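Read through the structure below, which is laid out as structure tokens, and then see the notes.
Worth saying up front: this structure is predicted, and the values here are computed from it rather than measured. Every number for a ligand or one of its atoms is a count from 1 in the order of the listing.
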Amino acid sequence: MAENDYDAFAAAYDADNEANAWNAYYERPAILSLVGEVAGLRVLDAGCGGGAHAAVPIERGAQVTGIDSSAGMLDIAEQRLEGRARLLAADLNQALPFEDQTFDLILASLVLHYLPDWSGPLVEFHRLLPRGGRLVFSTHHPFMDHPSSGRDNYFETYSFDETWQRGGKDIAMRFWHRPLHAMFDALKSAGFTIDIVSEPQPDPRARMLFPQAYRSLTTTPRFLFFSAVKA
Ligand SMILES: C[S@@+](CC[C@H](N)C(=O)[O-])C[C@H]1O[C@@H](n2cnc3c(N)ncnc32)[C@H](O)[C@@H]1O
């Protein structure tokens, strides 16, 4: 079975992502707070999934384009956003189908840990932004994925596999761990200056709704958030 086949579980993924502790009460509020005011800006949501993030910059007055490699996830985004965003199939491992400086801000939520090499995608993001444009992204915290990966050398960049259960199916997932220094080096080599690194706390409402997840999110690294500027 191919790994990371989001088409095989798109509806189940989106339904879970919509309301769970990790996405709805932690990742989305945290990254959307880093995104901030975007009225009048051209925003690319890279790895947009079902469009739950994209809906917010649209509400805030941005012109949003979403790209994703999964046709199933793009269909869900299409239904959610009802023509309010331009949506395209694209693979972040390849050159992206846009002119230089097409966007003012690029948002990439929980997608970069699927990519074996960040150098090409970050150079593409850099090309698509004007000087001063921002890249805001979240990714697996390396202190979260390394202990559960079964690998012994934190300092290597390596892939590891998991099986997710979604919609009654076993789904084969493959992620890429990279140590902190590799993240910082990749951003710098692509021409970005990091302005924020964030290890946020969850929405306080998660305390009552998801006590176990809340305890985990308030005591253990999960995702890591960056805001970086094209120098
Ligand atoms: C964990 S989901 C995150 C979706 C959304 N950004 C969110 O945070 O709710 C990962 C998404 O990245 C997409 N994806 C994975 N690898 C990709 C690639 N190489 N190029 C484009 N999209 C990719 C998947 O199809 C999926 O929609």
Side-chain angles (χ1 to χ4, degrees), residues 2-35 43-58 64-81 85-98 103 105-125 128 135-141 144-145 159-167 171-178 198 200 202-203 222-226:
E3 299 91 18
N4 308 334
D5 181 9
Y6 270 84
D7 286 345
F9 68 115
Y13 175 80
D14 189 67
D16 180 62
N17 175 298
E18 173 77 25
N20 73 22
W22 321 110
N23 297 96
Y25 290 85
Y26 170 60
E27 197 280 337
R28 264 201 307 281
I31 200 159
L32 291 169
S33 150
L34 283 179
V35 164
V43 172
L44 174 67
D45 184 351
C48 64
H53 290 77
V56 176
I58 291 168
V64 177
T65 299
I67 56 173
D68 201 281
S69 55
S70 159
M73 295 305 298
L74 287 168
D75 283 348
I76 292 173
E78 202 73 72
Q79 287 161 35
R80 175 176 276 120
L81 301 173
R86 181 177 172 219
L87 297 168
L88 299 171
D91 181 350
L92 291 170
N93 295 305
Q94 310 287 328
L96 296 175
F98 305 108
F103 301 104
L105 186 145
I106 298 176
L107 160 68
S109 275
L110 301 180
V111 65
L112 290 179
H113 48 247
Y114 292 95
L115 309 185
D117 182 355
W118 281 12
S119 54
L122 290 182
V123 165
E124 276 298 88
F125 289 163
L128 297 180
L135 166 64
V136 177
F137 69 95
S138 59
T139 191
H140 280 175
H141 198 303
M144 183 268 294
D145 64 17
S159 67
F160 64 99
D161 296 339
E162 286 182 4
T163 303
W164 283 4
Q165 274 83 36
R166 292 283 189 287
I171 310 286
M173 304 301 288
R174 175 158 299 164
F175 303 109
W176 286 83
H177 161 87
R178 48 183 49 75
S198 172
D203 182 322
R222 183 92 189 173
F223 304 141
L224 188 60
F225 297 72
F226 287 87

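- Using a 4.0 Å heavy-atom cutoff, Asn23 is absent from the residues neighbouring ligand 1.
- In this structure, Ile31 and Val136 have side chains that are in contact, with non-hydrogen atoms separated by less than 4.5 Å.
- Looking at Met73 next to ligand 1, no N or O pair under 3.5 Å apart turns up.
- In this structure, CH2 in Trp164 is found 5.5 Å from CZ in Phe9, a value given to the nearest 0.5 Å.
- The closest approach between Ser138 and ligand 1 stays at or above 4.0 Å for every heavy atom of the residue.
- Heavy atoms of Asn17 come nearer than 4.0 angstrom to ligand 1 in at least one pair.
- Side chains of Asp14 and Asn17: a donor-acceptor N/O pair is absent below 3.5 angstrom, by distance only.
- Nearest protein heavy-atom neighbour of atom 11 (C) of ligand 1: Asp68 OD2, 3.8 Å.
- Remark: aromatic rings of His177 and Phe160 are distant, center separation not under 6.0 Å.
- In terms of protein heavy-atom proximity, atom 23 (C) of ligand 1 is closest to Ser69 OG, 3.1 Å.
- The nearest heavy-atom contact from the protein to atom 20 (N) of ligand 1 is Leu92 N, 2.9 Å.
- The single protein non-hydrogen atom nearest to atom 19 (N) of ligand 1 is Asp91 OD1, 2.9 Å, given as residue, atom name and distance.
- Taken to the nearest 0.5 Å, the CE atom of Met173 stands 8.0 Å off from the CD atom of Glu162.
- With 3.5 Å as the limit, one finds no donor-acceptor pair spanning the side chains of Asp45 and His53.
- No close placement of the Phe125 and Trp118 rings is indicated, their centers lying 6.0 Å or farther apart.
- Between Phe223 and His113, the ring planes are parallel. Angles under 30° get that label, and only those over 60° would be called perpendicular.
- Considering backbone and side-chain N/O of Asp45, none are found under 3.5 Å from N/O of ligand 1.
- With respect to atom 12 (O) of ligand 1, the closest heavy atom belonging to the protein is Val111 CG2, 3.3 Å.
- Considering backbone and side-chain atoms together, Arg28 places no N or O closer than 3.5 Å to any N or O of ligand 1.
- By the 4.5 Å heavy-atom criterion applied to side chains, Trp176 and Leu112 are not counted as neighbours.
- Looking from atom 7 (C) of ligand 1 to the surrounding protein, the closest heavy atom is His53 CE1, 3.3 Å.
- Those atoms of ligand 1 with a heavy atom of Ala90 less than 4.0 angstrom away are 20 (N), 21 (C).
- Summary of contacts: the protein heavy atom closest to atom 5 (C) of ligand 1 is Gly47 O, 3.4 Å.
- Numbered from 1 in the order shown, with element, the atoms of ligand 1 that lie under 4.0 Å from a heavy atom of Gly49 read 4 (C), 27 (O).
- Ligand-side atoms of ligand 1 in range of Leu115: 19 (N), range being under 4.0 angstrom from any heavy atom.
- For ligand 1, the atoms closer than 4.0 angstrom to any heavy atom of Asn93 are 19 (N).
- Backbone and side-chain nitrogen or oxygen atoms of Glu27 are examined, and none is located within less than 3.5 angstrom of a nitrogen or oxygen of ligand 1.
- Taking OH of Tyr6 as the reference point, atom CG of Asn4 lies at 7.0 Å (rounded to 0.5 Å).
- Of the N or O atoms in Leu110, none lie within a sub-3.5 Å distance of an N or O in ligand 1.
- Side-chain contact annotation: Ser70 with Asp7, donor-acceptor N/O pair under 3.5 Å present.
- Considering CZ of Arg80 and SG of Cys48, their distance stands at 10.0 Å, rounded to 0.5 Å.
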